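In what follows, a structure is listed as C-alpha cells, so that the remarks can point back to it.
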Amino acid sequence: DAGVTQSPTHLIKTRGQQVTLRCSPKSGHDTVSWYQQALGQGPQFIFQYYEEEERQRGNFPDRFSGHQFPNYSSELNVNALLLGDSALYLCASSLADRGRKLFFGSGTQLSVL
Amino acid sequence: ELKVEQNPLFLSMQEGKNYTIYCNYSTTSDRLYWYRQDPGKSLESLFVLLSNGAVKQEGRLMASLDTKARLSTLHITAAVHDLSATYFCAVLEYTGNQFYFGTGTSLTVIP
C-alpha cells in the first residue's frame, strides 16, 4: 500500500518565479492538506482540499493556491516566489472526518535564490 | 489563533534516563497528536489523544492529555539512542480542520 507521495523532492527557483508541487494521497484517503515547514520550525497549515474544493485555509497569501483532482491527488502552486518561501513543503492525507490522523509525505524541499 | 508551545526546545539526555516533554496550547481543543520527525525525513504519527485524561503508551514513550490545563506530556522512560529525533505536538482547533503544530523538541540521546 503506497503511502503519501510527493514530487519533486527538491527544487531550486529564483525570486519571482512560479512553482508547482504535487502530491498523491495514501490509498483510500480523500482529503489532502498542505503544510510549510521552515527550518527549525513546526509545520504551518496552508490549506486543505476535499471534494476538489478548498475546505479551509491558513494564514497564507493568495500567492499560494492549490487544486485537487478527481483522483484525490493535489497540487500546490506558489506564484511570485520570495526568499522567505524557502522551506520544506509537506503534503498530508487523511479521511474527511474531522480530526482524522494525518499521514505525511516526505516533502518537497524548495530553495528560492 | 491557537498557539502551541513546547518545552524544552532542545533536550540532551543520557541513555537510561527519564524525561518529559511538555506541550501547552492556548485555547480549547479536544484532540492532540504527537509526531516524530527524523532529520531530513517526514513526520511519523506517534499518538492520538482524544479526551481529557487520555493516556497512550508505546514502548518507552507515554503521552497524556489534560484538556482542562491545556497540557499534554510526552514521557520518555529509559531513553535509548534510537529515540533521538524531533518531537512535535499538534492540536486540532475545536471547530475546524486546522492542525496547529508546536515548534518541536529536538531530542538527542547520548550513549
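Since this is a predicted model, take the numbers as computed values, not measurements. Residue numbers begin at 1 in each chain, while the letters A, B, ... track the order of the sequences.
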Residue [X] versus chain B: region with a heavy atom under 4.5 Å:
X       : result
A:Leu88 : side chain
A:Tyr50 : neither
A:Gln37 : side chain
A:Arg55 : side chain
A:Gln56 : side chain

Task: Spatial distance of atom CZ (B:Arg31) from atom CZ (A:Arg100) [nearest 0.5 Å] - done: 8.5 Å
Task: Nearest-0.5 Å distance that lies between atom CG in B:Leu46 and atom NZ in A:Lys101 - done: 9.5 Å
TODO: Verify whether the ring centers belonging to B:Tyr35 and A:Phe104 lie closer than 6.0 Å.
DONE: yes
TODO: Just jot down the side chain to side chain contact (heavy atoms under 4.5 Å, CB included) partners of B:Glu44, sequence neighbours excluded, or say none.
DONE: B:Arg36
Task: Contacts with chain A made by residues 7-17 of chain B (heavy-atom distance under 4.5 Å), listed by residue number - done: none
Open item on the list: Using every non-hydrogen atom in the two residues, find where B:Ser42 and A:Ser106 come nearest and quote the distance to one decimal.
Closed with: CB-CA, 3.6 Å
Open item on the list: How close do A:Pro43 and B:Phe101 get, counting heavy atoms only, and between which atoms?
Closed with: O-CB, 3.5 Å
Open item on the list: Which atoms of B:Gln6 are under 4.5 Å from chain A, going by heavy atoms: the side chain, the backbone, both sets, or neither?
Closed with: neither
Task: Per-residue contact mode, B:Tyr33 against chain A (heavy atom under 4.5 angstrom) - done: side chain
